[in-house]
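Because the structure is predicted, anything quoted here is derived from the model rather than measured.
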Amino acid sequence: MSFAGVMRPGHAAIRVLDMEESLTYYTERLGLMKTDEDDQGRVYLKAWDELDCFSIVLREAPSPGIDYTGYKTCSRADRDELVGKLEDYGLEIEWIPEDELKGCGERARFQTPSGHLFELYAEKKQVGDGLGRLNPNPWPEGLKGMQVYRFDHVLLYGPKIIETTKIFTDVLGFDLTERVLSPEGEMNVSFVSCSNKAHDLAFVEYPEPNKLHHVSFMLMTWEEVLRAADIMSMHGISIDIGPTRHGITRGRTIYFFDPSGNRNEVFCGDYTWYPDREPITWTADELGKAIFYHDRKLNENFLSVVT
Amino acid sequence: MSVNKFIITIEDNAEVFTCPPGRNVLKAMEQLGRKGIPVGCRGGGCGVCRVQVLDQGGYRTGKMSREQVPVEDEEKGICLACKLFPEGDLHLKVLGKWRKQFLTGTV
Ligand code: FES
Ligand SMILES: [Fe+2]
């Protein structure tokens, strides 16, 4: 497909209770690299296969959770066009100046009815993957921990997810790839894609606004997911569930928690999304299988523990 | 019973287990295969493991989400079991519970 408009999830800004402990976790265990920090004490991290200078920003705060999620557009013109559409749709835009996050261009921030903050930006300084773009090696040596390839998506919990999802599908050009319908036939889980991944963002209906369910990082193989689980046990990292299989997106996955209780995921292998596909629908009576394909039952912890 | 283990009593269901110094109460409970306090993130973030210390031989807490334990609550002995480190025997009341998960509706 030819990309236009929103290109990919570009960053997630995460609140942590203790920076030092969190930094050890995100670098030594997940395998992100620290690229920068700023005078507010925020720390910037990237995964090895990302070229832009950061994808995760950590901020020490009294309560964990997510501050905002940023999406990179293909060009500045695309960003401005989409911002115009958001304004026409009735959303208020707050412009965050260039370099408020170090290395990131101007960001257009808006809030969804679910209570979450999102940003669109077109430019971020590239620092590369250490391999170069000319006759590169396939991977760099000296990677740590789970060696995640990239930040992949977030799953957010909040109210009014039908309205919220509409902003992404009707205004920003995302495709709805999968959804869950409540017994009353209302969508209460939505997966949307701005690319040909099975999801770049997901929402679950929940009474409290602005909640984080998980931040996800990509691996390539099931063996790597298993190895990630080994690392969790080696270092006493809190595991939520897995390794297992999702019905939704077909992903092979494990869920676990950072030291502040923010849920993370590493996963591999969904499917290729093309815009000529119909969205997949899951019904409430098969929700157990939709979420965890082998357990085939609902997991209270997974459904209700959020930050 | 070794002298350097603390006795944790959960009031609601009369569950009793021991916790060595330096271990958090939730982990001690899980390692012994006991139940009684709901287990969530184990990181002081989600609030699922909220407890109130009723009478106590002393304890300290690690960093906990302020959203889950506001200052007024902390002054009443409310804390998160995954960040609760006993320094003596403790009696606990379980406050945390699974949030109503309504995704399933009436199914
Ligand atoms: S289990 Fe989440 S705060 Fe203790
Ligand atoms: Fe995910």
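Minimum interatomic distance between Cys46(B) and Val305(A) (heavy atoms only, all atoms of both residues): CB-CG1, 3.5 Å. Closest approach of Glu67(B) and Ser63(A) over heavy atoms only: N-OG, 2.9 Å.
In this structure, Phe302(A) places its CZ atom where more than 12 heavy-atom neighbours from other residues, nucleotides or ligands lie under 6.0 Å away. Within a 6.0 Å radius of CD in Glu72(B), other residues, nucleotides and ligands contribute more than 12 heavy atoms.
With hydrogens and angles ignored, the 3.5 Å screen pairs no side-chain donor or acceptor of Arg42(B) with any backbone N or O of Phe257(A).
Residues of residues 59-66 of chain B that come closer than 4.5 Å to chain A, counting heavy atoms only, are Lys63(B), Met64(B), Ser65(B), Arg66(B), ordered by residue number.
Neither the backbone nor the side chain of Lys27(B) has a heavy atom closer than 4.5 Å to any heavy atom of chain A.
Of the inter-residue distances, the one linking Gln68(B) atom CD with Thr307(A) atom OG1 reads 9.0 Å to the nearest 0.5 angstrom. How far SG of Cys41(B) is from CZ of Phe256(A): 14.0 Å, rounded to the nearest 0.5 Å.
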